[in-house]
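One structure is given here, and the rest of the page talks about it.
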Number of protein chains: 2
Amino acid sequence: MTTTENAAIHTIEQPSIAAGHDLIESGLERDALVTVFGRCTVDYDGRASSQLDAGDRHVMLKPDGTTLVHTDEGQQPVNWQPPGCEHAVRRVAADDGTEELVLETNRSTPAERLLVRFSTVRQISAFSGTDESDLTLSGTEEDLRTRILDEPELLGTGFTPLATERETPAGAIDIYGEDSSGRAVVVELKRRRVGPDAVSQLRRYVDSLGRDLHADASIRGILVAPSVTDRADRLLAEHGLEFVSLEPIAE
Amino acid sequence: MTTTENAAIHTIEQPSIAAGHDLIESGLERDALVTVFGRCTVDYDGRASSQLDAGDRHVMLKPDGTTLVHTDEGQQPVNWQPPGCEHAVRRVAADDGTEELVLETNRSTPAERLLVRFSTVRQISAFSGTDESDLTLSGTEEDLRTRILDEPELLGTGFTPLATERETPAGAIDIYGEDSSGRAVVVELKRRRVGPDAVSQLRRYVDSLGRDLHADASIRGILVAPSVTDRADRLLAEHGLEFVSLEPIAE
DNA sequence: TGATAGATCTCGGTT
DNA sequence: AACCGAGGTCTATCA
């Protein structure tokens, strides 16, 4: 064991089932981040269900209830369980008489269970640490909104923003405003190149606002994004919607 | 170091910068899965950009180029880099004169860079293993499609599937068929409860097929999902589209 | 390489 | 707890 200023790591390699069980249990107890590397099968049942035959994988148990099972490929875990679950460790007699280490992560809404059965455990670690920092992220849709609110004429001379997140029966409009001739304008923002879905979204808001204001034909819809696909461009034209090319940030 | 039947683990705790650098470098060289736990800052620049101040985090480098930075909370990594990137390890002189261990993961399309700077490294591990297994997953949209193709009358007496993934100018229809009176039917499948977006998707296909067949009014659109939200239900009604409640699998 | 849509999407905000 | 939309979404498939 190693301790350094509030941070502790407990690690064992090639542990016995008993020792492994105890280290994981104590790690969960202490709200440590626990990792287990070894040969395991994985079974999931819940919103969907899956099975995975034996292989060497890296399993992470977080104190918030998250479980992640990673292979050596892919950004996404091959299996997982989201935050809010309950972890459990068990020693279980396997079919062949040997003992297995079993990790189980459960939740009730929706009912879901992840079972990781280790035939061989190569390493177990329990990490404690502190992380008070928050991520600062730029280049988001909100940055694009700020940019337009700071300089509304980017959407045409005379555009005046009147509200953000304006509610309609179809959902909230990113930016609601009016143009120089007083026509209502619905603005939908996307931080990246968009396809047909974004056009449909804009169309729902324009239609809905039209019914709300009893002024169907006179409402403009503007999609603001770096670019659009061909199909999206065609859809925009079909429905009389407009496009303005803008990125979240000049950088 | 521990070796067991093709699987090897190299681990060091509280390593010097030099020793840590060498272990990571050799691990990357051997296509191992490398993990580093310690106090670090994280900077990302690419499609967006982000900064994260110092904290204790778990970093995973996969041989396919993936990088994952995990805190003790959340299913998603606080920072990451997708597969296909290039990993690099460096020893860098910090502002205060000490030496830092720096992990850098790069890619070119799009240009993106992730920089993880460790002021303190608590543990480094390099895992080698084998995983030949593929996940078998059920409860997907494809299972729902199979269920309907096996028993088409689930969508009404006389429904006849004619094609899957039938192309229209607006995209591919999940199931294309006709009803007992010979009317064309567009079926959109969702494995779970759906909102307005799925209705718009179905609408795009129905509209597009209508133009293609020059038979606008006579085409039926059926959304198949476990359930719909209120707003989606209203949208369906507005556009004369239908809903059939079905789940992917009886289980 | 780009486009399109699925995903056990996750996550945050709001009702 | 459900709904809604954003996301550096990622991932698979197909042109």
Side-chain angles (χ1 to χ4, degrees), chain A residues 44-50 66-69 73-85 107-114 135 137-145 165 167-168 170-174 188-198 201 204-205 227-233 248, chain B residues 44-50 66 68 73-84 107 109-114 135 137-145 165 167-168 170-174 188-198 200-201 204-205 227-232 248:
Chain A
Y44 157 74
D45 195 58
R47 288 165 290 176
S49 68
S50 70
T66 301
T67 299
L68 302 170
V69 182
E73 286 187 334
Q75 176 173 337
Q76 297 306 128
V78 65
N79 275 114
W80 70 91
Q81 207 65 283
C85 296
R107 66 167 171 166
S108 50
T109 48
E112 290 196 304
R113 187 174 75 144
L114 183 70
L135 186 77
L137 179 66
S138 66
T140 64
E141 182 180 303
E142 190 182 341
D143 294 317
L144 180 54
R145 170 167 53 216
E165 301 298 317
E167 286 296 336
T168 76
I173 296 170
D174 283 340
E188 173 61 30
L189 307 174
K190 295 294 173 192
R191 69 167 301 280
R192 61 172 191 172
R193 181 172 173 86
V194 297
D197 53 337
Q201 194 183 341
R204 290 200 300 272
Y205 299 152
S227 57
V228 294
T229 66
D230 283 353
R231 231 174 237 174
D233 202 34
Chain B
Y44 157 75
D45 195 58
R47 287 166 290 176
S49 67
S50 70
T66 301
L68 302 170
E73 286 187 332
Q75 176 173 337
Q76 295 305 128
V78 64
N79 274 116
W80 70 92
Q81 206 66 292
R107 66 167 171 166
T109 49
E112 291 196 302
R113 187 174 75 145
L114 183 71
L135 186 78
L137 178 69
S138 65
T140 64
E141 181 179 305
E142 191 183 341
D143 294 318
L144 180 55
R145 172 167 52 216
E165 301 298 318
E167 286 296 336
T168 75
I173 297 170
D174 283 339
E188 174 61 30
L189 307 174
K190 295 294 174 192
R191 69 168 302 281
R192 62 171 192 171
R193 182 171 174 86
V194 296
D197 54 336
S200 289
Q201 195 183 340
R204 291 199 301 271
Y205 299 153
S227 57
V228 295
T229 65
D230 283 353
R231 229 172 239 175

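Labels below follow one simple rule: chain letters A, B, ... track the order of the sequence lines, proteins then strands, and each chain is numbered from 1.
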Within the supplied structure, the quantity of interest is the number of heavy atoms (other residues, nucleotides, ligands) at a distance under 6.0 Å from A/R193 CZ; does it exceed 12? yes

Only counting residues at least two apart or in another chain, list the ones meeting salt bridge (Lys or Arg N to Asp or Glu O under 4.0 Å) with B/E141. none

Tell me every residue that passes side-chain hydrogen bond (donor to acceptor under 3.5 Å, both in side chains) with B/T140, counting only those two or more places apart in sequence or in another chain. B/D143

Rounded distance in Å between the P positions of D/dC4 and D/dG8: 22 Å

Using atom C1' in both nucleotides, what's the gap between C/dA7 and C/dC11 to the nearest angstrom? 14 Å

Nearest atoms (heavy-atom pairs only) where B/R204 meets A/P196: NE-CB, 3.6 Å

Using the P atom on both, measure C/dT4 against C/dT8 and round to a whole Å. 23 Å

Measure across B/T229 and B/G195 and return the closest heavy-atom pair with its distance rounded to 0.1 Å. OG1-CA, 3.7 Å

Outermost contacting nts on DNA chain C, any atom under 4.0 Å from chain A heavy atoms, listed 5' then 3', are C/dA3 to C/dC11

What string of B, S and - do you get for nucleotides 5-14 of chain D, 5' to 3', when a contact is any protein heavy atom under 4.0 Å? SSSBBSS---

Report yes if some heavy atom in the side chain of B/S200 is under 4.5 Å from a heavy atom in the side chain of A/D197; otherwise report no. no

Taking side-chain contact (heavy atoms from CB on, under 4.5 Å) as the test, write out the residues that go with B/R47, two or more places apart. A/R191, B/Y44, B/W80, B/R107, B/P110, B/E112

List the residues meeting salt bridge (Lys or Arg N to Asp or Glu O under 4.0 Å) with B/R145, not counting sequence neighbours, and say none if there are none. B/E165

